[in-house]
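One structure is given below, encoded as structure tokens.
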2 protein chains.
Amino acid sequence: MINGPTEALPGNRTSGKKAVLSTIRNSAPVARIDIANATGLSPATVTSITADLILRGLLEEIPPEPAFSPANANTKRGRPRVNLQLRGAAHLVAGIKFSGKTTTLVIVNFVGTRVAEYSVPTPFDVQTAQQTCDFICTTLWQGLDKNGYSISDLSGVGIGLPGIVDALEGIIRWSPTLSERDVPLRDMLQSTLGINVFVENDANLVTLAEQQFGLGKTARNFIVITIEQGVGMGIVIDGKLIRGTNGSGAELGHTKVQLDGALCRCGQRGCLEAYVGDYALLREANSIMTNPKSEQFHHPTSTEIRMQKLVAEARDGNLIALSIFRRAGRMFALGLANVINIFAPELIILSGDRMQYDFLYDADVIEDMRNSIVQFGGPPPDVRVHKWSDHMWAMGAAAYAIEGVINTELQGVKKNVV
Amino acid sequence: MINGPTEALPGNRTSGKKAVLSTIRNSAPVARIDIANATGLSPATVTSITADLILRGLLEEIPPEPAFSPANANTKRGRPRVNLQLRGAAHLVAGIKFSGKTTTLVIVNFVGTRVAEYSVPTPFDVQTAQQTCDFICTTLWQGLDKNGYSISDLSGVGIGLPGIVDALEGIIRWSPTLSERDVPLRDMLQSTLGINVFVENDANLVTLAEQQFGLGKTARNFIVITIEQGVGMGIVIDGKLIRGTNGSGAELGHTKVQLDGALCRCGQRGCLEAYVGDYALLREANSIMTNPKSEQFHHPTSTEIRMQKLVAEARDGNLIALSIFRRAGRMFALGLANVINIFAPELIILSGDRMQYDFLYDADVIEDMRNSIVQFGGPPPDVRVHKWSDHMWAMGAAAYAIEGVINTELQGVKKNVV
DNA sequence: CTATTTAATTTGATTACCAAATTAAAATAC
DNA sequence: GTATTTTAATTTGGTAATCAAATTAAATAG
């Protein structure tokens with residue numbers, strides 16, 4: 001069993017295959033000649049590499065369209081190009097999004113088409129490593145069973161969870177859902193499940209999902225902002241996901257937007273999260289709104305319900321509620337602008353599914369952000385909002401698993417024993 | 001003439017040589033066996049690659065120490081390793097730091113040893129592209145002449161200047177010293193000088209200098225902060241210098257540390273530079289210090305002299321001056337913490353030579369920074385202060401030129417014409 | 001002096017890759 | 001309808017990069 005996606009050493013002579021597969025993954029369906037142009041390989045080499053990959057069942061040709069079909073209406077003369085794509089049936093992988101609230105599972109084929117999904121509430125907010133491992137395994141087995149699959153059908157499992165994850169080592173350094181630190185979750189799961197496991201930070205997986213399936217398909221430099229409980233971020237530079245020294249980093253939620261500012265859950269002051277997180281908004285609402293309705297923002301009503309009420313207040317024109325959201329939006333714009341000033345990405349993807357965060361994706365906020373970035377270096381980044389559900393986080397985990405399976409597959413090309 | 005350092009395409013079969021040279025550059029002197037371990041290449045391959053590079057004059061073996069010398073006192077049994085290093089005499093390159101105030105030139109050999117230097121005041125703050133080109137060429141010719149060299153001795157010139165530089169295309173998108181935009185400075189210089197030219201943003205070159213010659217030699221993830229007129233930054237992730245979409249980015253000086261904060265030269269509000277730049281400090285001093293001495297902070301005294309006086313006031317215990325510096329320090333710590341929260345580098349290098357910025361490198365400031373970064377992800381980054389002069393910026397430019405010359409050299413291995 | 005240990009090299013493949021020539025499959029010209 | 005042109009893909013023949021295994025080199029330990 002080979003460990004996770006790794007770097008390409010100059011020694012391993014698979015860079016050509018990797019480049020070809022990567023091109024096909026990014027822009028399938030694609031013809032050999034385009035692969036040659038995109039990778040810089042010669043057509044001859046592309047022919048030989050693709051022939052090998054087809055033989056091994058990873059790729060397939062797309063049968064040519066019948067004449068006069070819309071697809072080749074604007075046809076040119078010359079031998080028609082034959083498009084290639086990944087062979088969906090080549091591998092089946094699972095992607096799991098684990099959080100303290102819900103655990104979501106998807107099963108996808110090799111091209112990333114979802115063939116099954118399954119979702120269960122997570123029993124506890126915080127668990128031990130062993131409990132977490134057991135729960136993930138049980139969920140996977142149940143999900144497979146309900147959809148008529150078994151673990152032996154899978155070539156890999158990708159798992160995303162919040163916190164600081166050392167993806168290369170497969171160790172969860174810290175997670176809000178774990179009562180322990182430095183948990184070797186990958187190896188624990190791998191030995192229980194008996195197949196390849198890949199773990200990553202959940203925000204990084206959303207980023208991977210955007211890169212593989214979403215708005216990031218065409219961009220080489222982009223960042224993804226996720227808003228759930230906290231504010232997460234994933235960074236892609238030159239087509240590669242950036243990780244900090246310990247797999248940590250990208251803690252946008254705890255960048256400071258105000259000196260000696262609002263108190264954050266992390267104990268520090270002025271964190272972005274302390275201005276845009278729902279607890280921060282409710283805190284403000286509690287402390288200031290003095291009309292009879294204010295009690296509804298207090299415990300023990302659930303955070304979600306109270307947030308919905310606050311949003312409703314703002315929609316009804318309550319000036320205080322509006323002011324609360326407005327400040328949060330301005331702070332968000334400031335935090336975002338800082339990232340842009342540091343990276344100059346071509347694209348920002350604001351990703352999330354909870355409607356109560358719409359105020360952060362408001363045109364005013366985007367405008368604020370645009371007015372806070374350095375102007376000289378070319379056009380400002382494109383800002384796109386992409387709303388989606390937990391399933392897409394799990395899809396990112398699946399994409400990560402596919403990447404891992406491909407690497408395993410390519411590294412597995414050992415020459416025959418003499 | 002081949003254009004600047006470029007990416008390694010999978011197609012060009014020089015990755016092994018590049019890896020070997022890179023290892024030697026990072027950790028010379030180094031034995032073949034260590035190169036093999038570091039690169040993942042087999043010892044056989046390292047032997048053959050190094051033999052070729054030695055033949056071509058790029059490398060040389062270090063003659064073994066005589067017995068009982070301190071160097072091999074703790075010797076082990078077995079065949080002794082033979083250390084390798086770059087051959088200094090292989091190439092001579094120039095590095096130039098150009099700014100609106102001073103232009104500094106160094107000439108270094110292939111291992112980065114400085115063999116000559118030359119420095120002249122830049123005649124105008126802002127110039128046209130042609131004037132800039134002419135001035136740089138003249139400076140280079142003069143500098144070479146004074147030290148007994150001629151342009152034909154050089155294999156390349158690296159040039160660093162402030163602003164937004166598209167290093168790949170060799171175009172200065174914008175610079176405070178240029179009256180025009182999108183200046184193709186590399187090609188202009190190249191056709192005038194007749195040798196390979198490489199241009200880059202000056203902060204990126206300091207970063208390169210740290211990586212090649214300085215504190216960054218051992219780190220794979222680090223950032224370099226430079227304080228001159230503005231606040232600059234260079235980012236190295238996984239051993240590679242990060243550039244934004246247009247070669248821009250890393251504008252730490254214009255990240256926002258305060259919503260609707262102090263007015264910055266760039267026209268926006270709350271930029272870090274508007275709190276730590278000398279004009280910002282003097283502005284505060286002017287507006288608030290009402291004692292008779294205050295006039296000395298006004299024009300037309302030069303910025304530098306006025307800054308020195310303000311620093312002296314603080315040293316004498318003037319509470320207002322102290323307060324001005326203290327706030328600047330806190331803001332600096334905040335901006336720095338934000339970068340760390342996003343990148344999680346293992347090392348921060350604070351680089352600069354002007355003593356009046358000592359207050360930013362104060363222990364209090366570092367402490368503030370440490371208290372503003374996310375705690376879970378492992379140890380906080382090491383913070384090192386590295387003071388040096390303009391020469392070292394120029395050394396960075398030279399290091400960049402060496403890199404470019406190496407790439408040219410390796411790409412130039414064309415097979416014989418049939 | 002012999003055995004051991006480590007570094008480096010040599011030998012003999014194998015593989016990845018490319019340039020150039022060739023074949024394939026279409027549209028267009030006549 | 002046949003020849004020509006055009007573009008894609010493949011085949012051919014060869015080169016350069018790389019490796020595994022065996023060998024040689026140069027030291028120390030006993």
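Worth knowing before you read on, the calculation uses all heavy atoms, side chains too, and leaves out hydrogens, waters and symmetry mates. Note that the coordinates shown come from a computational prediction; the quantities given were computed from them, not determined experimentally. Proteins come first, then strands; the chains are lettered A, B, ... in the order of their sequence lines, and each starts at number 1.
Screening A:T45, A:D52, A:V46 against A:I49 for a side chain to side chain contact (heavy atoms under 4.5 Å, CB included) leaves a single residue, A:T45. A side chain to side chain contact (heavy atoms under 4.5 Å, CB included) with A:I195 is found for one member of A:L154, A:V93, A:D153 and no other, namely A:L154.
Put simply, NZ on A:K17 is 11 Å from C1' on C:dC17, counting in whole angstrom units. C:dA16 atom P lies 13 Å from atom CG of A:L21, rounded to whole Å. The interatomic distance linking A:K18 (NZ) with C:dA16 (P) rounds to 13 Å, in whole Å. Atom CG in A:L41 sits roughly 18 Å away from atom P in C:dT15 (whole-Å rounding).
Listed pair B:T45 / D:dC19 meets the phosphate criterion, a side-chain N or O lying under 4.0 Å from OP1 or OP2. Contact check, B:S15 against D:dT18: a side-chain N or O comes under 4.0 Å of OP1 or OP2.
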> Step by step, would you call A:V111 with A:Q85 a side chain to side chain contact (heavy atoms under 4.5 Å, CB included)?
Replying inline: CA-CA 8 Å; A:V111 294; A:Q85 63 187 8; 5.6 Å; no
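With a 6.0 Å radius and a threshold of 12 heavy atoms from other residues, nucleotides or ligands, A:R384 has its CZ atom at or below the threshold.
One cannot find a donor-acceptor pair under 3.5 Å joining the base of D:dT7 and the side-chain atoms of A:R77.
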Can you give me the N/O atom pairs linking the protein to nucleotides 7-10 of chain C at distances under 3.5 Å, or say none if there are none?
{"residue": "C:dA7", "atom": "OP1", "partner": "B:R81", "partner atom": "NE", "Å": "3.2"}
{"residue": "C:dA7", "atom": "OP1", "partner": "B:R81", "partner atom": "NH2", "Å": "2.0"}
{"residue": "C:dA7", "atom": "O4'", "partner": "B:R79", "partner atom": "O", "Å": "3.0"}
{"residue": "C:dA7", "atom": "N3", "partner": "B:R79", "partner atom": "NH1", "Å": "3.3"}
{"residue": "C:dA8", "atom": "OP1", "partner": "B:V82", "partner atom": "N", "Å": "2.7"}
{"residue": "C:dA8", "atom": "OP1", "partner": "B:V82", "partner atom": "O", "Å": "3.4"}
{"residue": "C:dA8", "atom": "OP2", "partner": "B:I33", "partner atom": "N", "Å": "2.9"}
{"residue": "C:dA8", "atom": "O4'", "partner": "B:R79", "partner atom": "NH1", "Å": "3.4"}
{"residue": "C:dT9", "atom": "OP2", "partner": "B:R32", "partner atom": "NE", "Å": "3.0"}
{"residue": "C:dT9", "atom": "OP2", "partner": "B:T47", "partner atom": "OG1", "Å": "3.0"}

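Under 4.0 Å is where a charged nitrogen must lie from a carboxylate oxygen, and between B:E200 and B:R243 at least one such pair does.
Residues forming a ring pair (Phe, Tyr, Trp, His ring centres under 6.0 Å) with A:F110 (at least two apart in sequence, or on another chain): A:H91.
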